[in-house]
Amino acid sequence: MALDILVVICIGIGLLAIGLGVVGILRFPDVYTRLHAETKMTTLGAIFICLAVILTEGGVYLATKDVGHIILMLHTLLALAALGFTNALSAHAIGRAAYRSGIRPELSVVDRLKEVKSDD
Amino acid sequence: MIRYLLTFICAFCTYLVLTAGSGEIGLWSAFEIGAGVIIALVVAAASTKWFCPSTDYRMANPLRWILLGIYICIPFFLEIIRANIDVAIRIITGNINPGIVKVNPGLKTGFGQLIFASSVTLTPGTLTLEANEKTGAFYIHMLSVPQDMVKKKTVDAADIFSYFKIHEWVRRIAE
Amino acid sequence: MIDIWALVLGLLLLFVVGAMIRLWLGPTSADRAVALDAVNTITVCAIIVFGVAFNETVFVDVAIVYALLSFVGTLWLARYIGGDL
(Lines give C-alpha, C1' and ligand atoms only; values in the text may rest on other atoms or scores of the structure.)
Protein backbone atom coordinates (compact mmCIF):
# COMPACT_ATOMS: atom_id res chain seq x y z
CA MET A 1 0.00 0.00 0.00
CA ALA A 2 2.84 2.36 0.87
CA LEU A 3 4.42 1.42 -2.46
CA ASP A 4 1.26 2.45 -4.32
CA ILE A 5 1.34 5.87 -2.69
CA LEU A 6 5.03 6.25 -3.61
CA VAL A 7 4.26 5.29 -7.24
CA VAL A 8 1.44 7.83 -7.40
CA ILE A 9 3.73 10.55 -5.99
CA CYS A 10 6.40 9.73 -8.59
CA ILE A 11 3.84 9.82 -11.41
CA GLY A 12 2.53 13.15 -10.11
CA ILE A 13 5.99 14.75 -10.04
CA GLY A 14 6.79 13.37 -13.50
CA LEU A 15 3.59 14.60 -15.10
CA LEU A 16 3.92 18.00 -13.42
CA ALA A 17 7.49 18.36 -14.75
CA ILE A 18 6.56 17.38 -18.31
CA GLY A 19 3.50 19.66 -18.23
CA LEU A 20 5.57 22.62 -17.01
CA GLY A 21 8.14 21.88 -19.73
CA VAL A 22 5.43 22.07 -22.40
CA VAL A 23 4.10 25.30 -20.87
CA GLY A 24 7.66 26.64 -20.93
CA ILE A 25 8.05 25.79 -24.62
CA LEU A 26 4.86 27.72 -25.36
CA ARG A 27 5.62 30.65 -23.04
CA PHE A 28 9.32 31.54 -23.32
CA PRO A 29 10.38 34.21 -25.83
CA ASP A 30 13.28 32.75 -27.85
CA VAL A 31 14.95 29.47 -28.91
CA TYR A 32 17.59 29.30 -26.17
CA THR A 33 15.19 29.81 -23.27
CA ARG A 34 12.79 27.29 -24.82
CA LEU A 35 15.64 24.80 -24.98
CA HIS A 36 16.16 25.27 -21.23
CA ALA A 37 12.54 24.45 -20.46
CA GLU A 38 12.36 21.53 -22.88
CA THR A 39 15.59 19.74 -21.94
CA LYS A 40 15.51 19.98 -18.17
CA MET A 41 11.82 19.55 -17.50
CA THR A 42 11.11 16.66 -19.88
CA THR A 43 14.24 14.80 -18.74
CA LEU A 44 13.20 15.08 -15.09
CA GLY A 45 9.68 13.98 -16.00
CA ALA A 46 11.04 10.95 -17.85
CA ILE A 47 13.26 10.08 -14.86
CA PHE A 48 10.32 10.16 -12.44
CA ILE A 49 7.92 8.23 -14.71
CA CYS A 50 10.57 5.55 -15.21
CA LEU A 51 11.10 5.49 -11.42
CA ALA A 52 7.37 4.90 -10.98
CA VAL A 53 7.51 2.05 -13.53
CA ILE A 54 10.53 0.50 -11.77
CA LEU A 55 8.84 0.69 -8.34
CA THR A 56 5.64 -0.85 -9.71
CA GLU A 57 7.50 -3.72 -11.35
CA GLY A 58 9.54 -4.32 -8.19
CA GLY A 59 6.34 -4.56 -6.17
CA VAL A 60 4.76 -6.98 -8.64
CA TYR A 61 7.94 -9.11 -8.60
CA LEU A 62 7.88 -9.34 -4.81
CA ALA A 63 4.22 -10.44 -4.96
CA THR A 64 4.44 -13.00 -7.80
CA LYS A 65 8.19 -13.96 -8.06
CA ASP A 66 7.98 -13.76 -11.87
CA VAL A 67 11.40 -12.98 -13.43
CA GLY A 68 9.77 -11.17 -16.38
CA HIS A 69 9.11 -8.14 -14.21
CA ILE A 70 12.80 -7.84 -13.27
CA ILE A 71 13.68 -7.93 -16.98
CA LEU A 72 11.18 -5.15 -17.72
CA MET A 73 12.74 -3.16 -14.88
CA LEU A 74 16.24 -3.63 -16.32
CA HIS A 75 15.15 -2.57 -19.80
CA THR A 76 13.39 0.52 -18.40
CA LEU A 77 16.64 1.47 -16.68
CA LEU A 78 18.51 1.11 -19.98
CA ALA A 79 15.89 3.20 -21.81
CA LEU A 80 16.24 5.87 -19.13
CA ALA A 81 20.03 5.91 -19.53
CA ALA A 82 19.71 6.25 -23.32
CA LEU A 83 17.11 9.02 -22.95
CA GLY A 84 19.04 11.08 -20.40
CA PHE A 85 22.30 10.89 -22.29
CA THR A 86 20.87 11.68 -25.73
CA ASN A 87 18.64 14.52 -24.47
CA ALA A 88 21.60 16.54 -23.21
CA LEU A 89 23.55 15.99 -26.42
CA SER A 90 20.68 16.86 -28.74
CA ALA A 91 19.99 20.06 -26.77
CA HIS A 92 23.64 21.00 -27.25
CA ALA A 93 23.40 20.22 -30.99
CA ILE A 94 20.23 22.30 -31.49
CA GLY A 95 21.61 25.25 -29.50
CA ARG A 96 24.87 25.29 -31.43
CA ALA A 97 23.08 24.95 -34.78
CA ALA A 98 20.69 27.78 -33.85
CA TYR A 99 23.64 30.05 -33.01
CA ARG A 100 25.40 29.16 -36.27
CA SER A 101 22.28 29.76 -38.35
CA GLY A 102 22.30 33.38 -37.18
CA ILE A 103 19.62 33.42 -34.48
CA ARG A 104 21.02 35.81 -31.84
CA PRO A 105 19.77 35.86 -28.24
CA GLU A 106 18.26 39.32 -28.50
CA LEU A 107 17.18 39.59 -24.87
CA SER A 108 20.49 38.62 -23.33
CA VAL A 109 22.42 40.95 -21.05
CA VAL A 110 25.86 39.56 -21.97
CA ASP A 111 27.13 37.61 -24.99
CA ARG A 112 30.71 36.32 -24.71
CA LEU A 113 30.36 34.05 -27.74
CA LYS A 114 29.73 36.98 -30.11
CA GLU A 115 33.06 38.55 -29.10
CA VAL A 116 34.87 35.33 -30.02
CA LYS A 117 33.05 34.98 -33.35
CA SER A 118 33.83 38.57 -34.34
CA ASP A 119 37.54 38.00 -33.63
CA ASP A 120 37.78 35.25 -36.28
CA MET B 1 44.09 -4.50 -31.07
CA ILE B 2 43.40 -3.48 -27.45
CA ARG B 3 40.98 -0.87 -28.76
CA TYR B 4 39.13 -3.57 -30.73
CA LEU B 5 38.98 -5.82 -27.65
CA LEU B 6 37.60 -3.03 -25.42
CA THR B 7 34.89 -2.16 -27.95
CA PHE B 8 34.03 -5.86 -28.22
CA ILE B 9 33.68 -6.19 -24.42
CA CYS B 10 31.39 -3.13 -24.24
CA ALA B 11 29.18 -4.39 -27.09
CA PHE B 12 28.99 -7.91 -25.61
CA CYS B 13 28.05 -6.59 -22.13
CA THR B 14 25.26 -4.48 -23.67
CA TYR B 15 23.94 -7.54 -25.50
CA LEU B 16 24.04 -9.61 -22.30
CA VAL B 17 22.10 -6.96 -20.37
CA LEU B 18 19.43 -6.81 -23.07
CA THR B 19 18.97 -10.61 -23.22
CA ALA B 20 19.19 -11.42 -19.49
CA GLY B 21 16.80 -14.10 -18.26
CA SER B 22 16.63 -16.17 -21.46
CA GLY B 23 18.06 -19.53 -20.26
CA GLU B 24 19.92 -21.69 -17.75
CA ILE B 25 23.68 -20.92 -18.12
CA GLY B 26 23.78 -18.22 -15.49
CA LEU B 27 20.96 -16.09 -16.81
CA TRP B 28 21.47 -16.73 -20.53
CA SER B 29 20.87 -19.60 -22.95
CA ALA B 30 23.72 -21.05 -25.03
CA PHE B 31 22.20 -19.71 -28.26
CA GLU B 32 22.06 -16.14 -26.94
CA ILE B 33 25.70 -16.24 -25.82
CA GLY B 34 26.86 -17.57 -29.22
CA ALA B 35 24.80 -15.02 -31.14
CA GLY B 36 26.05 -12.29 -28.80
CA VAL B 37 29.70 -13.13 -29.49
CA ILE B 38 29.18 -13.04 -33.27
CA ILE B 39 27.15 -9.81 -33.22
CA ALA B 40 29.60 -8.11 -30.85
CA LEU B 41 32.52 -9.06 -33.16
CA VAL B 42 30.75 -7.46 -36.14
CA VAL B 43 29.70 -4.36 -34.16
CA ALA B 44 33.21 -3.89 -32.76
CA ALA B 45 34.72 -4.13 -36.25
CA ALA B 46 32.34 -1.43 -37.45
CA SER B 47 32.56 1.00 -34.53
CA THR B 48 36.09 0.81 -33.05
CA LYS B 49 37.15 3.90 -35.01
CA TRP B 50 34.82 6.27 -33.17
CA PHE B 51 34.02 4.39 -29.96
CA CYS B 52 37.66 4.20 -28.88
CA PRO B 53 39.47 6.79 -31.00
CA SER B 54 42.61 7.37 -28.92
CA THR B 55 45.16 5.08 -27.29
CA ASP B 56 44.37 6.60 -23.90
CA TYR B 57 43.12 3.70 -21.75
CA ARG B 58 42.37 5.42 -18.46
CA MET B 59 38.61 4.90 -18.88
CA ALA B 60 39.16 1.10 -19.05
CA ASN B 61 39.59 1.15 -15.27
CA PRO B 62 36.32 -0.16 -13.74
CA LEU B 63 36.85 2.00 -10.62
CA ARG B 64 36.24 5.11 -12.72
CA TRP B 65 32.92 3.68 -13.94
CA ILE B 66 31.84 2.94 -10.35
CA LEU B 67 32.72 6.54 -9.45
CA LEU B 68 30.69 7.72 -12.45
CA GLY B 69 27.69 5.72 -11.15
CA ILE B 70 28.02 7.27 -7.68
CA TYR B 71 28.36 10.71 -9.27
CA ILE B 72 25.16 10.26 -11.31
CA CYS B 73 23.14 8.86 -8.38
CA ILE B 74 23.97 11.44 -5.68
CA PRO B 75 25.40 14.89 -6.61
CA PHE B 76 24.13 14.97 -10.18
CA PHE B 77 20.59 13.85 -9.31
CA LEU B 78 20.27 16.37 -6.48
CA GLU B 79 21.53 19.15 -8.78
CA ILE B 80 18.97 18.12 -11.42
CA ILE B 81 16.11 18.35 -8.91
CA ARG B 82 17.28 21.75 -7.64
CA ALA B 83 17.69 23.04 -11.21
CA ASN B 84 14.21 21.90 -12.14
CA ILE B 85 12.60 23.63 -9.19
CA ASP B 86 14.45 26.78 -10.23
CA VAL B 87 13.38 26.51 -13.89
CA ALA B 88 9.78 25.67 -12.89
CA ILE B 89 9.57 28.86 -10.80
CA ARG B 90 10.93 30.86 -13.74
CA ILE B 91 8.40 29.29 -16.12
CA ILE B 92 5.51 30.23 -13.83
CA THR B 93 6.67 33.76 -12.98
CA GLY B 94 8.33 34.56 -16.32
CA ASN B 95 11.24 36.23 -14.52
CA ILE B 96 14.22 35.63 -16.85
CA ASN B 97 17.47 37.45 -17.51
CA PRO B 98 19.34 35.40 -20.15
CA GLY B 99 22.93 35.72 -21.32
CA ILE B 100 25.95 33.79 -22.59
CA VAL B 101 29.01 33.47 -20.34
CA LYS B 102 32.39 31.79 -20.74
CA VAL B 103 33.60 29.11 -18.32
CA ASN B 104 36.93 27.34 -18.30
CA PRO B 105 36.98 24.35 -15.92
CA GLY B 106 40.42 23.27 -17.19
CA LEU B 107 39.48 19.77 -18.39
CA LYS B 108 41.87 18.20 -20.88
CA THR B 109 40.39 14.85 -22.00
CA GLY B 110 37.52 14.55 -24.45
CA PHE B 111 35.47 12.29 -22.19
CA GLY B 112 35.77 14.73 -19.27
CA GLN B 113 34.62 17.57 -21.48
CA LEU B 114 31.67 15.43 -22.64
CA ILE B 115 30.54 14.67 -19.08
CA PHE B 116 30.99 18.31 -18.03
CA ALA B 117 28.99 19.62 -21.00
CA SER B 118 26.14 17.15 -20.37
CA SER B 119 26.12 17.97 -16.64
CA VAL B 120 25.98 21.68 -17.38
CA THR B 121 23.09 21.17 -19.80
CA LEU B 122 21.00 19.28 -17.26
CA THR B 123 21.80 21.44 -14.22
CA PRO B 124 21.00 24.93 -12.89
CA GLY B 125 19.59 27.13 -15.62
CA THR B 126 22.57 26.59 -17.92
CA LEU B 127 23.01 25.16 -21.40
CA THR B 128 26.26 24.47 -23.27
CA LEU B 129 26.25 26.21 -26.64
CA GLU B 130 29.80 25.90 -27.90
CA ALA B 131 32.93 24.14 -26.65
CA ASN B 132 36.53 24.79 -27.60
CA GLU B 133 38.37 21.45 -27.42
CA LYS B 134 41.87 22.91 -27.48
CA THR B 135 41.58 25.48 -24.69
CA GLY B 136 38.82 23.61 -22.79
CA ALA B 137 36.57 26.68 -22.67
CA PHE B 138 32.77 26.34 -22.68
CA TYR B 139 30.27 28.99 -23.79
CA ILE B 140 27.21 28.60 -21.59
CA HIS B 141 23.77 30.12 -22.04
CA MET B 142 22.29 30.95 -18.62
CA LEU B 143 18.59 31.48 -18.02
CA SER B 144 19.35 34.07 -15.36
CA VAL B 145 22.75 35.75 -15.14
CA PRO B 146 23.60 37.15 -11.67
CA GLN B 147 24.74 40.77 -11.64
CA ASP B 148 28.35 40.07 -10.66
CA MET B 149 28.85 37.64 -13.58
CA VAL B 150 27.99 40.21 -16.26
CA LYS B 151 31.28 42.08 -15.80
CA LYS B 152 33.62 39.08 -15.59
CA LYS B 153 35.41 37.89 -18.74
CA THR B 154 35.63 34.26 -17.60
CA VAL B 155 33.32 32.94 -14.90
CA ASP B 156 34.65 30.61 -12.24
CA ALA B 157 33.33 27.05 -12.70
CA ALA B 158 32.41 26.76 -9.01
CA ASP B 159 30.02 29.74 -9.25
CA ILE B 160 27.54 28.13 -11.66
CA PHE B 161 26.80 25.10 -9.47
CA SER B 162 25.18 25.41 -6.08
CA TYR B 163 25.85 22.52 -3.69
CA PHE B 164 28.49 20.28 -5.23
CA LYS B 165 31.75 20.94 -7.07
CA ILE B 166 30.77 19.20 -10.31
CA HIS B 167 34.01 20.05 -12.12
CA GLU B 168 36.04 18.48 -9.29
CA TRP B 169 33.95 15.30 -9.58
CA VAL B 170 34.41 15.21 -13.35
CA ARG B 171 38.16 15.68 -12.96
CA ARG B 172 38.30 12.81 -10.49
CA ILE B 173 36.32 10.57 -12.86
CA ALA B 174 37.96 11.32 -16.18
CA GLU B 175 41.49 12.56 -15.47
CA MET C 1 -3.62 -0.57 -11.55
CA ILE C 2 -4.22 -0.25 -15.31
CA ASP C 3 -6.56 2.71 -14.71
CA ILE C 4 -3.83 5.00 -13.43
CA TRP C 5 -1.59 4.14 -16.39
CA ALA C 6 -4.48 4.99 -18.74
CA LEU C 7 -4.79 8.37 -17.02
CA VAL C 8 -1.03 8.95 -17.42
CA LEU C 9 -1.26 8.09 -21.12
CA GLY C 10 -4.14 10.53 -21.62
CA LEU C 11 -2.20 13.37 -19.98
CA LEU C 12 0.94 12.57 -21.99
CA LEU C 13 -1.16 12.75 -25.16
CA LEU C 14 -2.39 16.18 -24.06
CA PHE C 15 1.23 17.33 -23.57
CA VAL C 16 2.16 16.03 -27.05
CA VAL C 17 -0.68 18.15 -28.47
CA GLY C 18 0.66 21.15 -26.51
CA ALA C 19 4.16 20.69 -27.92
CA MET C 20 2.62 20.27 -31.40
CA ILE C 21 1.23 23.83 -31.11
CA ARG C 22 4.79 25.14 -30.86
CA LEU C 23 5.79 22.81 -33.71
CA TRP C 24 3.08 24.45 -35.83
CA LEU C 25 3.58 28.08 -34.72
CA GLY C 26 7.39 28.16 -34.28
CA PRO C 27 8.79 31.26 -36.01
CA THR C 28 12.14 29.62 -36.88
CA SER C 29 13.10 26.06 -37.78
CA ALA C 30 15.18 25.82 -34.57
CA ASP C 31 11.98 26.35 -32.54
CA ARG C 32 10.38 23.51 -34.46
CA ALA C 33 13.38 21.27 -33.74
CA VAL C 34 13.03 22.02 -30.00
CA ALA C 35 9.32 21.15 -30.10
CA LEU C 36 10.04 17.94 -32.04
CA ASP C 37 12.62 16.93 -29.42
CA ALA C 38 10.02 17.43 -26.69
CA VAL C 39 7.51 15.32 -28.64
CA ASN C 40 10.08 12.54 -29.01
CA THR C 41 10.89 12.50 -25.28
CA ILE C 42 7.22 12.39 -24.31
CA THR C 43 6.61 9.59 -26.84
CA VAL C 44 9.38 7.48 -25.29
CA CYS C 45 7.74 7.94 -21.86
CA ALA C 46 4.37 6.94 -23.33
CA ILE C 47 5.80 3.77 -24.91
CA ILE C 48 7.36 2.76 -21.57
CA VAL C 49 4.02 3.35 -19.84
CA PHE C 50 2.31 1.23 -22.51
CA GLY C 51 4.85 -1.52 -21.82
CA VAL C 52 4.11 -1.60 -18.11
CA ALA C 53 0.32 -1.28 -18.60
CA PHE C 54 0.17 -4.32 -20.90
CA ASN C 55 3.12 -6.08 -19.20
CA GLU C 56 5.11 -6.46 -22.44
CA THR C 57 8.92 -6.16 -22.30
CA VAL C 58 9.06 -5.80 -26.10
CA PHE C 59 7.43 -2.36 -25.89
CA VAL C 60 10.27 -1.12 -23.68
CA ASP C 61 12.80 -2.42 -26.23
CA VAL C 62 10.94 -0.40 -28.86
CA ALA C 63 11.27 2.64 -26.56
CA ILE C 64 15.08 2.21 -26.38
CA VAL C 65 15.36 1.99 -30.17
CA TYR C 66 13.00 4.97 -30.59
CA ALA C 67 15.07 7.09 -28.18
CA LEU C 68 18.30 6.35 -30.05
CA LEU C 69 16.75 6.85 -33.50
CA SER C 70 15.13 10.15 -32.49
CA PHE C 71 18.56 11.27 -31.24
CA VAL C 72 20.05 10.55 -34.67
CA GLY C 73 17.15 12.38 -36.31
CA THR C 74 17.64 15.43 -34.09
CA LEU C 75 21.37 15.46 -34.85
CA TRP C 76 20.77 15.51 -38.61
CA LEU C 77 18.11 18.19 -38.18
CA ALA C 78 20.63 20.25 -36.18
CA ARG C 79 23.25 19.82 -38.91
CA TYR C 80 20.73 20.99 -41.48
CA ILE C 81 19.77 24.05 -39.40
CA GLY C 82 23.43 24.87 -38.71
CA GLY C 83 24.21 24.84 -42.41
CA ASP C 84 26.67 21.91 -42.48
CA LEU C 85 24.48 19.79 -44.74
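So you know, we letter chains A, B, ... as the sequences are listed, proteins then strands, and number each from 1.
Contacts between A:Ile13 and chain B at a heavy-atom distance below 4.5 Å are absent for every atom of the residue. A:His92 touches chain B through backbone and side chain together, each having a heavy atom under 4.5 Å away. For A:Arg96, the parts sitting under 4.5 Å from any heavy atom of chain B are the backbone and the side chain alike. If you measure heavy-atom distances from B:Ile72 to chain A, you find no contacts under 4.5 Å at all.
For residues 43-53 of chain A, the set of pairs meeting the salt bridge (charged side-chain N to carboxylate O under 4.0 Å, His left out) definition, not counting sequence neighbours, is empty.
Residues B:Leu41 and B:Tyr4 have side chains in contact (heavy-atom distance under 4.5 Å, counting atoms from C-beta outward). Using a 4.5 Å heavy-atom cutoff, the side chains of A:His69 and A:Thr64 are in contact. Residues B:Ile85 and B:Ile81 are in side-chain contact: their nearest non-hydrogen atoms beyond the backbone lie under 4.5 Å apart. A:Leu89 places a side-chain heavy atom less than 4.5 Å from the side chain of B:Leu114. Using a 4.5 Å cut-off on side-chain heavy atoms (C-beta onward), B:Phe77 and A:Ile47 make contact. In this structure, the side chains of B:Arg90 and A:Thr33 stay at 4.5 Å or more apart for every pair of heavy atoms.
Residue-level contacts of residues 17-26 of chain A with chain B, in order of numbering, are A:Leu20, A:Val23, A:Gly24; threshold 4.5 Å between heavy atoms.
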Might you work through the salt bridge (charged side-chain N to carboxylate O under 4.0 Å, His left out) test for B:Asp86 and B:Arg82, ending with a clear yes or no? CA-CA 6 Å; B:Asp86 186 55; B:Arg82 202 206 70 88; 5.0 Å; no
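In terms of non-hydrogen atom pairs under 4.5 Å with chain B, the most contact-rich of A:Ala88, A:Ala98, A:Gly95, A:Ala37 is A:Ala88.
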